[in-house]
Amino acid sequence: ESGSGKSATCSSIAGQLISGGKQVFFLDMHGENGGLWALAPARVTRFWYGEPAPDIDPMSEASIAMAVEPVMAAIRDGQSVLVNLREWAVLEPAKLDAFALVFVRALYAHRVKHPKGFSLLVVEEAQQVAPQAQSKGQSDNVKVVVNVTSDGRKYGLHCLYATQRQSLVDVSVLACC
């Protein structure tokens, strides 16, 4: 049954942390975790990327930075964030790659400057953010994800990567887990 395995587990862990007042940053590749917002609407901000944002140019770092900024503003305000990337994950992987790279870099930089408390980055379908077989542009993502995964804990940033096929996730990322 769909939604009873890794998605439900990730959502359950994130929900418990949010209910306990922790900050969670959830990259949702299927758009299945909207219920997290219902747990604490005052502490969780939802973002959708895909059809409503066709003006984002994945080759322009400034364009991607403009897409990431509202998410980072919510994080700086102490919000947990739920980022629905379903449309990009399926239809526009170049936008997903560019967003993931800029977002993870910005999140890490924020936590380095403000290393207070426990926070969790959840990435469902980890192979879409840190794939073993990399196309153009994805190698930067993998390097950043490896650095954040290995160094983030000292700044209170912990990572949860979910996939059904570990062989599709870069081995360097898996080695950090």
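Note that this is a predicted model, so its numbers are computed, not measured. Just so you know, these numbers use all the heavy atoms, side chains as well, and skip hydrogens, waters and symmetry mates.
- In this structure, CG on L27 lies 9.5 Å from OH on Y161, to the nearest 0.5 angstrom.
- Closest non-hydrogen pair, V173 versus A130, comes out as CG2-CB, 3.7 Å.
- In this structure a side-chain-to-backbone donor-acceptor pair under 3.5 Å is present from Q132 to V171.
- Hydrophobic cluster membership is shared by L101 and V146, with clusters built from Ile, Leu, Val, Met, Phe, Trp and Tyr side chains linked at under 4.5 angstrom.
- If you chain together ILVMFWY residues whose side-chain heavy atoms come under 4.5 Å of each other, L36 ends up grouped with I13, L17, I18, V24, F26, W37, L39, V44, L82, F118, L120, V122, L160.
- The structure places CE of M29 at 8.5 Å from CD of Q127, a figure rounded to the nearest 0.5 Å.
- Ring-plane geometry between H110 and H114 is classed as tilted, the angle between the planes lying from 30 to 60 degrees on a 0 to 90 degree scale.
- Checking N84 against D28 by side-chain atom types alone, no donor-acceptor pair falls below 3.5 Å.
- Across all their heavy atoms, F47 and P70 have their closest contact at CZ-O, 3.4 Å.
- Under the 3.5 Å distance criterion, with hydrogens and angles disregarded, no donor-acceptor pair is assigned to the side chains of S80 and Q23.
- S12 places no side-chain N or O within 3.5 Å of a backbone atom of A8 that could act as its donor or acceptor partner.
- For the atom pair CZ of R43 and OG of S19, the computed distance is 6.5 Å after rounding to the nearest 0.5 Å.
- Note on residues 113-126: pairs passing salt bridge (charged side-chain N to carboxylate O under 4.0 Å, His left out), not counting sequence neighbours, are K6-E124, K6-E125.
- Note that NE2 of H30 and CD of Q128 are 6.5 Å apart. Values are rounded to the nearest 0.5 Å.
- Judged purely by distance below 3.5 Å, without hydrogens or angles, the side chains of Y155 and S119 never pair a donor atom with an acceptor atom.
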